[in-house]
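Everything numeric here is computed off the predicted structure, so don't read it as measured data. Positions are given from 1 along the sequence.
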Amino acid sequence: MFGYILRRLLQVIPVFFGATLLIYFLVFAMPGDPILGLFGDRTPAPEVVEQLRDQYHLNDPFLVQYWYYILGVFQGDFGTTFSGRAVSAVLAETLPVTGRLAVMSIAIEFTLAIIIGTISALRKGKIFDHTMLIVALVAIAIPIFVMAFLAQYFLAIQWGWFKPTVGSDNDWGGLWLPAIVLGFSLYAVSMRLMRSSVIDTLNQDWVRTAYSKGLSRNRVIPVHVLRNSLIPVITNSATNFGVLLVGATVTEGIFNVPGVGNVLYQAAIRGEGPTVVSFVTVFVILYVLVNLVIDLLYGLLDPRIRYA
């Protein structure tokens with residue numbers, strides 16, 4: 001197991017350099033001058049422009065800029081935004097908010113998918129199964145911004161169950177409404193995966209063998225069937241978690257969530273290379289670590305993977 005973990009950790013190195021180099025190149029290749037964009041409609045003095053360009057190494061070749069950035073990352077310095085704030089400070093403010101939102105959304109998605117997907121599989125072809133499949137199709141078809149506005153109007157404004165916007169109240173309790181919207185929008189795919197996986201598992205020979213040995217349904221379903229049906233749902237949820245960490249930009253904008261999505265979008269618009277690349281660097285590391293945990297969890301759920 002130690003060797004497997006070590007190999008997975010070593011895979012982080014090419015992923016880290018490849019992702020940061022690619023993102024840095026894309027930011028570097030963006031048209032326009034980010035320094036002039038910083039001043040908006042105003043025209044700065046030429047000496048001010050040159051000073052800022054030297055300060056942010058924009059006059060240097062691309063590889064030199066990237067080298068300065070990597071050196072800073074290894075020293076714990078992710079650079080500064082064009083407004084003068086340290087990128088690490090911006091991350092420290094926004095990442096916990098987006099992290100809480102992502103955890104709550106995935107918890108809602110995973111719980112709904114496991115419960116409804118399992119019941120639908122056990123009642124395949126019945127009214128409950130058909131109804132849940134229709135609900136899942138509706139959830140997939142509705143755009144996220146439409147779902148967000150509907151939830152905001154009915155759940156917050158009309159019925160008063162939640163606050164319509166988050167703002168500074170971004171603790172666990174204040175993020176329930178956007179988390180419900182994101183969780184419900186993601187649940188449909190996971191529910192269908194869970195339903196298909198349970199149906200496939202129920203048709204396996206070893207499930208029939210378990211019944212033939214006299215094991216009860218209450219023993220076979222949760223211990224044998226569910227355990228071997230979770231892998232597709234866990235994979236999909238882990239992917240969704242990585243995507244949400246990058247920032248649910250539309251949802252954060254509608255609910256005024258001061259998270260990563262808003263900051264990353266504004267940084268891309270202003271052409272702030274250090275901010276964009278630093279955020280992506282942290283996300284690459286987090287995403288690889290999440291996938292490492294999921295790979296290890298596979299071995300716990302299915303011993304055949306561990307032995308292989």
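With contacts defined as side-chain heavy-atom distances shorter than 4.5 Å, the pair V166/P178 qualifies. Contact annotation: the side chain of M194 approaches that of L226 to within less than 4.5 Å [non-hydrogen atoms, C-beta and beyond]. In this structure, the side chains of F17 and I70 come closer than 4.5 Å at one or more pairs of heavy atoms. Two residues are said to be in side-chain contact when any heavy atoms from C-beta on lie closer than 4.5 Å; I114 and L230 meet this criterion. Side-chain contact check for E109 versus N240: some heavy-atom pair is nearer than 4.5 Å. The shortest distance between side-chain heavy atoms of F255 and V181 falls below 4.5 Å. Counting only heavy atoms from C-beta outward, the side chains of F145 and T251 never approach each other to under 4.5 Å. Side-chain contact between K124 and S120 is absent, with no heavy atoms from C-beta onward closer than 4.5 Å.
The shortest heavy-atom contact between L101 and A179 is CD1-N, 3.6 Å. For the residue pair P232 and L193, the shortest heavy atom distance occurs at O-CD1, 4.0 Å. In plain terms, the two heavy atoms of A188 and A136 that are nearest each other are CB-O, 3.3 Å. What you find for S105 and L244 is that their closest heavy atoms are CB-CD1, 3.7 Å.
By the criterion of side-chain heavy atoms lying less than 4.5 angstrom apart, applied directly or through intervening Ile, Leu, Val, Met, Phe, Trp or Tyr residues, L150 is grouped together with L112 in one hydrophobic cluster. Cluster annotation: L21 is not connected to W67 through the hydrophobic network of ILVMFWY side chains, with a link wherever side-chain heavy atoms come within less than 4.5 Å. Taking hydrophobic clusters as Ile, Leu, Val, Met, Phe, Trp and Tyr residues chained together by side-chain heavy-atom distances below 4.5 Å, Y66 does not share a cluster with L71. In the hydrophobic clustering of this structure, I144 does not group with L137; members are Ile, Leu, Val, Met, Phe, Trp, Tyr whose side-chain heavy atoms approach within less than 4.5 Å, directly or through other members.
No option in L202, I199, T201, I221 other than T201 meets the side-chain contact (heavy atoms from CB on, under 4.5 Å) test with S229. A side-chain hydrogen bond (donor to acceptor under 3.5 Å, both in side chains) with R195 is found for exactly one of D200, D129, T118, namely D129.
Between R100 atom CZ and L95 atom CG the span is 10.0 Å, to the nearest 0.5 Å. Taken to the nearest 0.5 Å, the CG atom of N236 stands 12.5 Å off from the CZ atom of R192. With rounding to the nearest 0.5 angstrom, the CG atom of L186 is 13.5 Å from the CZ atom of F110. The NZ atom of K126 lies 13.5 Å from the OG1 atom of T131; values are rounded to the nearest 0.5 Å.
With a 6.0 Å radius and a threshold of 12 heavy atoms from other residues, nucleotides or ligands, F128 has its CZ atom above the threshold. Sparse packing is recorded around CD1 of I127, with 12 or fewer heavy atoms of other residues, nucleotides or ligands lying under 6.0 Å away. Residue R208 qualifies as enclosed at atom CZ: its count of foreign heavy atoms under 6.0 Å is above 12.
Residues passing the ring-ring contact (aromatic ring centres under 6.0 Å, His included) test with F184, sequence neighbours excluded: Y187.
Although no hydrogens or angles enter the test, the distance criterion places a donor-acceptor pair under 3.5 Å between the side chain of T98 and the main chain of V260. Remark: side-chain polar atoms of S185 are paired, donor with acceptor, to backbone N or O of L182 under 3.5 angstrom. In terms of modelled atom types and a separation under 3.5 Å, the side chain of Q158 and the main chain of Y153 share no donor-acceptor contact. A side-chain donor-acceptor contact under 3.5 Å links T209 to the backbone of D205.
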